[in-house]
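One structure is given here, and the rest of the page talks about it.
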Amino acid sequence: MEDTAAKILSLIKRRGLVFPSSEIYGGFGGFFDFGPLGTELKNNIKKTWWRALVQKRDDIVGLDSSIIMSPRIWEASGHTTEFSDPLSECKACHKRFRADHLMEKLRDSGELKKLGFTDEEVKDTADINQMAKVLASAKCPDCGGELAAPRKFNLMFRTFVGPVEDSASVAYLRPETAQGIFASYKNILDTQRVKLPFGIAQIGKAFRNEITPGNFIFRSREFEQMELEYFIKPGEDDKAFEYWTKERMRWYVEDLGLKEENLRFRPHRPDELAHYAKACVDVEYKFPWGWAEIEGIANRRDFDLGRHEKFSGTDLKYFDETDKSSYIPFVIEPSCGVERLFFAVLCDSFEEIQGGRTQTTEAVKEAETILRFTKNLAPVKVAVLPLLKNKPELVAKAKEIHETLKKLFMCRYDETGSIGRRYRRLDEVGVPYAVTVDFDTLQNNDVTLRDRDTMQQERVKIAELVGLLKEKFGC
Ligand code: GAP
């Protein structure tokens, strides 16, 4: 399985889907740049989410709120006091660790027992007092040095707004997009003629100063979230929570096209619930290194709006015309990270065939890689290839077709290398269709349309090509 992860990472690097940020300066831990194909894939994931949650629904509207907001927002939401991870530093080599991750490693490797702690004693590996006790007798995994007692480390990035850098000008880069939604809730309510139940959806950047970013883009310091806040009448929250859990799983399987067997739910234990949540379930994906969270679905109660009402002094109650009552709505929040879905989509669609699928190309001995993206996610939808690069009439015709298709689809023109090599290059980045212009094209005004998954080739009249491709992409 680790091997599969290495192969996927190698493909990502080879084809420039993602780069380490600032690579010419040696990289910058926890930050990444998305290359041309990576950008397309990321955009397609976001479009798929937006289409299902905003475009196709009458009860959800979209929002794009600012990244830096009043620092009062983070006081109200509890982030300035609660949004922290336990950090432990080695006294000798000064490497910093997530203390709760160290605890889990010690537990899973059986080290805790060796250190004289029973399972019962350290049932809750996230308890800071337990951590302090255990880590006092544990050693730094890197150098064997003594570990300092863990302390809470706030994950929000701080900055200053305006020319003076003092405590009055401190602001934060948002660690979640959700608070922008709560802060704009009243404006949406007042201007959009929405009635409960209704939702506000947002896609945008979030920033967390993670102590140990890792697993490539899985835990990074700058990432994008797709968050929905779905407001309901108190008392209707359990039903809505159940609805959204099912709906999100449906979206992963039917819209994003992930394999059902690679997805599961993991309900949170009461002791791991976030400070605002009444209930929470993670959607986990089976990555090559194991199951890990891609989305959290939480019942945030009336916590956030209630706190913002108190801190801002603005009335955020909803007047319910059906029974003439006034209340702060409850909210259900499905929240996922674009980079984690990006990685899951790549893992799910990656396939390697030893020896290749065709026995006729010169590359026959090499393993063949295919990214079997669903058509809506594929970064490039169609490629246009002249059979031979040195025949001007084939090149001219192929370029003419490319000009037409690129107005409608993300399309690539490729004339370099043998046709077999070119098909392989396209399969490797998941291009669903290739249009080949050959000598018959010049006689019959038709082309070959090759399907990535079946490798079947059909002759299609040029005049019918656009219509056929539109049909295949469902547009
Ligand atoms: N508003 C709720 C919230 O932010 P969260 O579980 O902390 O909840 C939601 O984050 C999602 O954001 C996660 O399921 C994950 O997909 C993504 N996410 C969180 N931290 C991340 C990080 N450091 N790098 C990449 N994605 C992250």
*Check the pair Asn43, Lys46 against side chain to side chain contact (heavy atoms under 4.5 Å, CB included), reporting the backbone distance first and the verdict last.*
CA-CA 5 Å; Asn43 284 343; Lys46 290 188 273 185; 3.7 Å; yes

*Derivation and outcome, side chain to side chain contact (heavy atoms under 4.5 Å, CB included), residues Glu176 and Arg208*: CA-CA 9 Å; Glu176 62 169 16; Arg208 295 184 188 178; 4.2 Å; yes

Just by modelled atom types, is the [Y] backbone N or O under 3.5 Å from a matching donor or acceptor in the [X] side chain?
X	Y	answer
Lys381	Asn376	yes
Lys461	Asn444	yes
Thr441	Asp446	yes
Asn44	Lys375	no
Arg174	Met69	no
Thr404	Glu400	yes
Arg266	Trp291	no
Gln202	Thr177	yes

Counting only heavy atoms from other residues, nucleotides and ligands, does the tally under 6.0 Å from [atom1] of [X] exceed 12?
X	atom1	answer
Lys95	NZ	no
Asp58	CG	no
Gln456	CD	no
Lys152	NZ	no
Arg158	CZ	no

*Does the ring center of Trp289 lie less than 6.0 Å from the ring center of Phe218?*
yes

*Examine Tyr285 together with Tyr252 and report whether their ring centres are nearer than 6.0 Å.*
no

*Which of these passes salt bridge (Lys or Arg N to Asp or Glu O under 4.0 Å) with Glu368: Arg425, Arg452, Arg424?*
Arg424

*Worked verdict on Thr436 versus Tyr423 for side chain to side chain donor-acceptor pair (under 3.5 Å)*: CA-CA 10 Å; Thr436 307; Tyr423 285 152; 2.8 Å; yes

With a 4.0 Å cut-off on N to O distance, would you call [X] and [Y] a salt bridge?
X	Y	answer
Arg422	Glu415	no
Lys246	Glu242	yes
Glu227	Arg300	no
Asp438	Arg459	yes
Arg250	Glu247	yes
Arg107	Glu104	no
Arg221	Glu210	no

*Please determine which of Glu284, Lys286, Met249 meets the side chain to side chain contact (heavy atoms under 4.5 Å, CB included) test together with Leu263.*
Met249

Closest heavy-atom pair and its distance - [X], [Y]:
X	Y	value
Asp414	Pro386	O-CD, 3.5 Å
Gly145	Cys90	CA-SG, 4.0 Å
Ala240	Ile332	CB-CG1, 3.8 Å
Asp348	Lys259	O-NZ, 2.5 Å
Phe34	Thr39	O-OG1, 3.1 Å
Asp255	Ala52	OD2-CB, 3.6 Å

Quick one: [atom1] on [X] to [atom2] on [Y], what's the gap to the nearest 0.5 Å?
X	Y	atom1	atom2	answer
Asn154	Asn209	CG	CG	9.0 Å
Leu135	Leu147	CG	CG	6.0 Å
Leu469	Cys411	CG	SG	8.5 Å
Ile45	Arg340	CD1	CZ	14.0 Å
Phe182	Glu229	CZ	CD	3.5 Å
Phe287	Leu346	CZ	CG	10.0 Å

Taking the side chain as C-beta and beyond, is there a heavy-atom pair between [X] and [Y] under 4.5 Å?
X	Y	value
Val460	Val435	no
Glu339	Lys42	yes
Trp251	Thr48	yes
Tyr172	Thr159	no
Phe343	Ile294	no
Glu222	Leu173	no
Leu102	Pro141	yes
Leu341	Leu258	no

_Under the criterion side chain to side chain contact (heavy atoms under 4.5 Å, CB included), I'd like the reasoning laid out for Cys140 against Phe97: C-alpha separation, chi angles, the key distance, then a yes or no._
CA-CA 9 Å; Cys140 167; Phe97 301 94; 3.8 Å; yes

*asked:* Run the salt bridge (charged side-chain N to carboxylate O under 4.0 Å, His left out) test on Asp85 and Arg96 for me, step by step, so that the C-alpha distance in whole Å, both residues' side-chain angles and the decisive distance to 0.1 Å come before the verdict.
replied: CA-CA 12 Å; Asp85 278 337; Arg96 288 167 182 168; over 6 Å; no

*For the residue pair Phe473 and Tyr433, categorise the inter-ring angle as parallel (less than 30°), tilted (30 to 60°) or perpendicular (more than 60°).*
perpendicular

*Over 60° means perpendicular and under 30° means parallel, so classify the ring planes of Phe32 and Phe216, tilted if in between.*
perpendicular

*Could you go step by step and tell me if Asp282 and Phe265 meet the side chain to side chain contact (heavy atoms under 4.5 Å, CB included) rule?*
CA-CA 6 Å; Asp282 286 346; Phe265 288 123; over 6 Å; no

